[in-house]
There are 2 protein chains.
Amino acid sequence: MQISVDIDDPIPLFVQIIEQIKQAVVEHNLIPGQPLPSIRQLANDLNLNSKTVAKAYKLLERDAIIQSKGYRGTFIHPDAASNCGTNLKGLIAETLEQAISQLRNEGATDSEIRIEFANIMNNRVS
Amino acid sequence: MQISVDIDDPIPLFVQIIEQIKQAVVEHNLIPGQPLPSIRQLANDLNLNSKTVAKAYKLLERDAIIQSKGYRGTFIHPDAASNCGTNLKGLIAETLEQAISQLRNEGATDSEIRIEFANIMNNRVS
DNA sequence: AGTTGTACCATTACCATGCATGGTACATAT
DNA sequence: ATATGTACCATGCATGGTAATGGTACAACT
């Protein structure tokens, strides 16, 4: 498995890692049960901080693309291929788009929407 | 009609203006049809930029609290009192809260929600 | 001892945003 | 001329969030 990152790319490094692993899964270059390099190992290879790689792995595990087995390492999830299709990102976009377009129709300003959004995300009381 | 602003107050100046005019409406110190100072006039009295006052007036007109009649000036809207009750801000908060809590239940990260939100607000293609 | 994933603490730099400012211009009226 | 609301251009400043960095520590296993 070849993974590379481009620091000059505006795409965040942890996203670059995620996309490459997902791509390898859909192309069957990575098959279920196959081991992935350890967080520290991959971080070392890419000259990245281990936290950056850990973040990518964490998100991949949440989406059931990979499986972390503690001291035994990290492996491709049995249902990795099908879970690559489930687009959580798409659901997020769809849900937010619906809410935002509704609010815009109600006459809300983008500025007001942004402010209220920030309040909610920070659990502030408005 | 007495309006005053406090520059040291963390509340934005245009919000201070809006709140005071709304307050005056609910207290019947401002009644429908009554004229408001012109944008430039009020800006001059408060030592503010005219754009700041214009912003406050624009939002007040959107909420049907006041009515702008071009060169004739700005006046209190006939339904000002009742429209002071309709809380657009509350609607925004409610709509967004519903969407966000749903996404959080689906497993979405706050970070992901924020990114997608920014994409939508900027009409970027994701 | 060495490695695994994970969880905290923290800081730095960058970028987007909101607020307020300034200038200019327009049509429409007195 | 003067005044009205409104629309565009632009800037400086402060704020807040993300991304990425670093250090430390833990339990569990080889």
Side-chain angles (χ1 to χ4, degrees), chain A residues 5-18 35-62 66-75 77 108-124, chain B residues 5-18 35-62 66-75 77 100 109-124:
Chain A
V5 291
D6 178 11
I7 312 198
D8 297 328
D9 195 313
I11 298 178
L13 300 174
F14 77 95
V15 175
Q16 293 186 36
I17 298 174
I18 291 175
L36 284 149
S38 77
I39 289 178
R40 290 177 179 84
Q41 181 64 48
L42 184 55
N44 200 281
D45 293 348
L46 301 177
N47 274 321
L48 296 181
N49 192 280
S50 60
K51 315 303 172 57
T52 305
V53 179
K55 185 176 184 178
Y57 274 31
K58 189 177 182 180
L59 289 172
L60 283 169
E61 185 175 28
R62 187 205 56 187
I66 66 177
Q67 259 183 332
S68 294
K69 300 192 176 180
Y71 56 90
R72 271 174 288 175
T74 307
F75 306 87
H77 192 278
T109 304
D110 278 16
S111 183
E112 290 171 318
I113 296 175
R114 282 195 167 103
I115 291 175
E116 212 54 48
F117 176 82
N119 285 340
I120 295 171
M121 296 301 283
N122 295 324
N123 289 321
R124 286 191 207 115
Chain B
V5 291
D6 178 11
I7 311 196
D8 297 328
D9 196 314
I11 298 177
L13 299 174
F14 77 94
V15 175
Q16 293 185 36
I17 296 175
I18 291 175
L36 284 149
S38 79
I39 289 178
R40 290 177 178 84
Q41 180 64 48
L42 183 55
N44 199 281
D45 293 348
L46 301 177
N47 273 320
L48 297 181
N49 192 281
S50 61
K51 315 301 174 59
T52 304
V53 179
K55 185 175 184 179
Y57 274 32
K58 189 178 183 180
L59 289 172
L60 282 169
E61 184 175 29
R62 186 203 56 187
I66 67 178
Q67 260 183 332
S68 294
K69 299 192 176 180
Y71 56 89
R72 272 175 287 174
T74 306
F75 306 86
H77 192 279
I100 292 173
T109 305
D110 279 16
S111 182
E112 291 171 316
I113 297 176
R114 283 193 164 106
I115 292 175
E116 213 53 49
F117 176 82
N119 285 340
I120 296 172
M121 295 302 283
N122 295 325
N123 288 323
R124 285 191 207 117

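So that the names make sense, note that chain A is the first sequence line, chain B the second, and so on, each numbered from 1.
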(request) Can you check whether any acceptor in the base of C:dT6 is under 3.5 Å from a donor in the side chain of A:R40, or vice versa? (result) yes

(request) Calculate the interatomic distance between A:D110 atom CG and C:dC19 atom C1'; express it in whole Å. (result) 16 Å

(message) Quick check on D:dC29: is either OP1 or OP2 less than 4.0 Å from any side-chain nitrogen or oxygen of A:Y71?
(response) yes

(message) With a cut-off of less than 4.0 Å, is there a side-chain N or O of B:S38 near OP1 or OP2 of D:dT4?
(response) yes

(message) How long is the straight-line distance from CZ of B:F75 back to NE2 of B:H77, given to the nearest 0.5 Å?
(response) 13.0 Å

(message) Closest approach to the side chain of B:S111, judged atom by atom: which nucleotide of C:dT17, D:dA19, C:dC19 is it?
(response) D:dA19

(request) Taking A:S38 for its side chain and A:Q41 for its backbone only, find out whether a donor-acceptor pair lies under 3.5 Å. (result) yes

(message) Within this structure, what is the CG-CZ distance for the pair A:L60 and A:F14, rounded to the nearest 0.5 Å?
(response) 10.5 Å

(request) For A:I113 and C:dA16, give me the distance from atom CD1 to atom P, rounded to whole Å. (result) 20 Å

(message) As an exercise, state the distance from CD1 of A:I7 to CG of A:L48, rounded to the nearest 0.5 Å.
(response) 6.5 Å

(request) Verify the contact: side-chain N or O of A:N49 to OP1 or OP2 of D:dG22, cut-off strictly under 4.0 Å; return yes or no. (result) yes

(request) Taking the side chain as every heavy atom from C-beta outward, state whether A:I113 and B:F117 have any pair of such atoms under 4.5 Å apart. (result) yes

(message) Assuming nearest nucleotide by heavy-atom distance, tell me which of B:S50 and A:P37 is located more 5' along DNA chain C.
(response) A:P37

(request) Rounded off to whole Å, could you give me the CD1-to-P distance for the A:I120 and D:dG17 pair? (result) 14 Å

(request) Would you kindly give the CD1-to-P distance between A:I11 and C:dC15, to the nearest whole Å? (result) 16 Å

(message) Rounded to whole Å, please give me the gap between CD1 in B:I7 and P in C:dT21.
(response) 7 Å

(message) Please compare A:K55 and B:G70 by the position of their nearest nucleotide in DNA chain D and report the one closer to 5'.
(response) B:G70

(message) Once you apply a heavy-atom cut-off of 4.0 Å, does B:E112 come out as touching a base, just sugar-phosphate, or nothing?
(response) nothing

(request) Could you state the atom-to-atom distance from CZ of A:F117 to C1' of D:dG16 in whole Å? (result) 13 Å

(request) May I ask you to evaluate whether B:R72 reaches the phosphate of D:dT4, defined as a side-chain N or O under 4.0 Å from OP1 or OP2? (result) no

(message) Applying a 4.0 Å non-hydrogen cut-off, can you work out what A:Q16 is touching in the nucleic acid: base, sugar-phosphate, or nothing?
(response) nothing

(request) Tell me which nucleotide among D:dT21, C:dA16, C:dT21 gets nearest to the side chain of B:N122. (result) C:dA16

(message) Counting the atoms with a prime plus P, OP1 and OP2 as sugar-phosphate, which does B:K69 contact under 4.0 Å by heavy atoms, base, sugar-phosphate, or nothing?
(response) nothing

(request) Indicate yes or no: at least one non-hydrogen side-chain atom of A:I17 is less than 4.5 angstrom from one of A:L46. (result) yes

(message) Quick check for you: among D:dG5, C:dT21, D:dA19, whose closest atom lies nearest to any side-chain atom of A:F14?
(response) D:dA19

(request) Check the distance between D:dA7's P and B:E61's CD and give it to me in whole angstrom. (result) 9 Å

(request) Respond yes when some side-chain nitrogen or oxygen of B:S68 is under 4.0 Å from OP1 or OP2 of D:dT6, and no when none is. (result) yes

(message) What is the distance, to the nearest angstrom, from the CD1 atom on A:I39 to the C1' atom on C:dA7?
(response) 12 Å

(message) With a 4.0 Å limit, can you tell me whether B:T74 has a side-chain N or O closer than that to the phosphate oxygens OP1/OP2 of D:dG5?
(response) yes

